[in-house]
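As the structure is a prediction and not an experimental result, all values here were calculated from the model. Both ligands and their constituent atoms are indexed starting at 1 by order of listing.
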Amino acid sequence: MKQIKKKRWSDYLWIVSSTYFILGFFSIAYAWVGLLCLGTALIVSIAGGGKIWCNSYCGRGQIFMHVGNTFHLTRRAAPPRWLSSKFFRNTFLAIFLLTFAEVIYVTVLVAQGLQDMHQTIHLFWTFDVPWNWTYTEAISPVHAQFAFGLYGLMLTSLIIGIVLTIVYRPRTWCVFCPMGNITQMISKAKAKE
Ligand code: SF4
């Protein structure tokens, strides 16, 4: 008889991630919570947790599983092999890090008064989408600028991950996810210690 796996609290972290993305449609200030998520993944793996973040605590990975498995929105096709190649994973990581550096750079320009705050989010490294209704003076323009940048990056990864889940299979994004790649590098380095 098939055993039903008992759910743990961590199986519901997709709700936290979904709430994060929904709140970003109402107030850009919530985008800062994304740093907590990225930072926790790094701390867990530096502390010797290996890939436990990806396997148990990543709400975004769980969203992809629900899209594919709960809502059956997936073709369950094998993704192209180049997606998981070392070259592509590291190139994508470099692009991700450069984009993150650009988010910080633009924030510094706004802090120095050299540039006005852009009330837009940058999607797919290409499109500046107006997001002005989410800004209130509850946060400073400098904090808001970083939040717009971070949210654009997070939403881009979510949309790409969902599209890949539908076109291929759940968690196809995870084979080249920058955070997954970084935590894997840290795990390998720790294993050699
Ligand atoms: S690879 Fe990325 S998206 Fe997938 S579970 Fe890990 S951190 Fe989350």
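Here the protein heavy atom with the shortest distance to atom 5 (S) of ligand 1 is R171 NH2, 3.3 Å.
Environment of CZ in F88: crowded, with over 12 heavy atoms of neighbouring residues, nucleotides or ligands closer than 6.0 Å.
F25 and Y151 have perpendicular rings, their planes meeting at more than 60° on a 0 to 90° scale where under 30° would count as parallel.
Other members of a hydrophobic cluster containing I43 are absent, since no ILVMFWY side chain comes under 4.5 Å of it, directly or through relayed contacts.
Those atoms of ligand 1 that come under 4.0 Å of a heavy atom in W173, given as number and element, are 3 (S).
A single hydrophobic cluster is seen to contain both F21 and L38, as judged by linkage of ILVMFWY side chains at heavy-atom distances under 4.5 Å, directly or through other members.
Judged by distance alone, with hydrogens and angles left aside, the side-chain atoms of T74 form a donor-acceptor pair with the main-chain N or O of T165 at under 3.5 Å.
With sequence neighbours left out, the salt bridge (Lys or Arg N to Asp or Glu O under 4.0 Å) criterion links R81 to no other residue. Residues satisfying the salt bridge (Lys or Arg N to Asp or Glu O under 4.0 Å) test with K51, not counting sequence neighbours, are none.
Around atom 6 (Fe) of ligand 1, the protein N, O or S atoms found under 2.8 Å comprise C54 SG.
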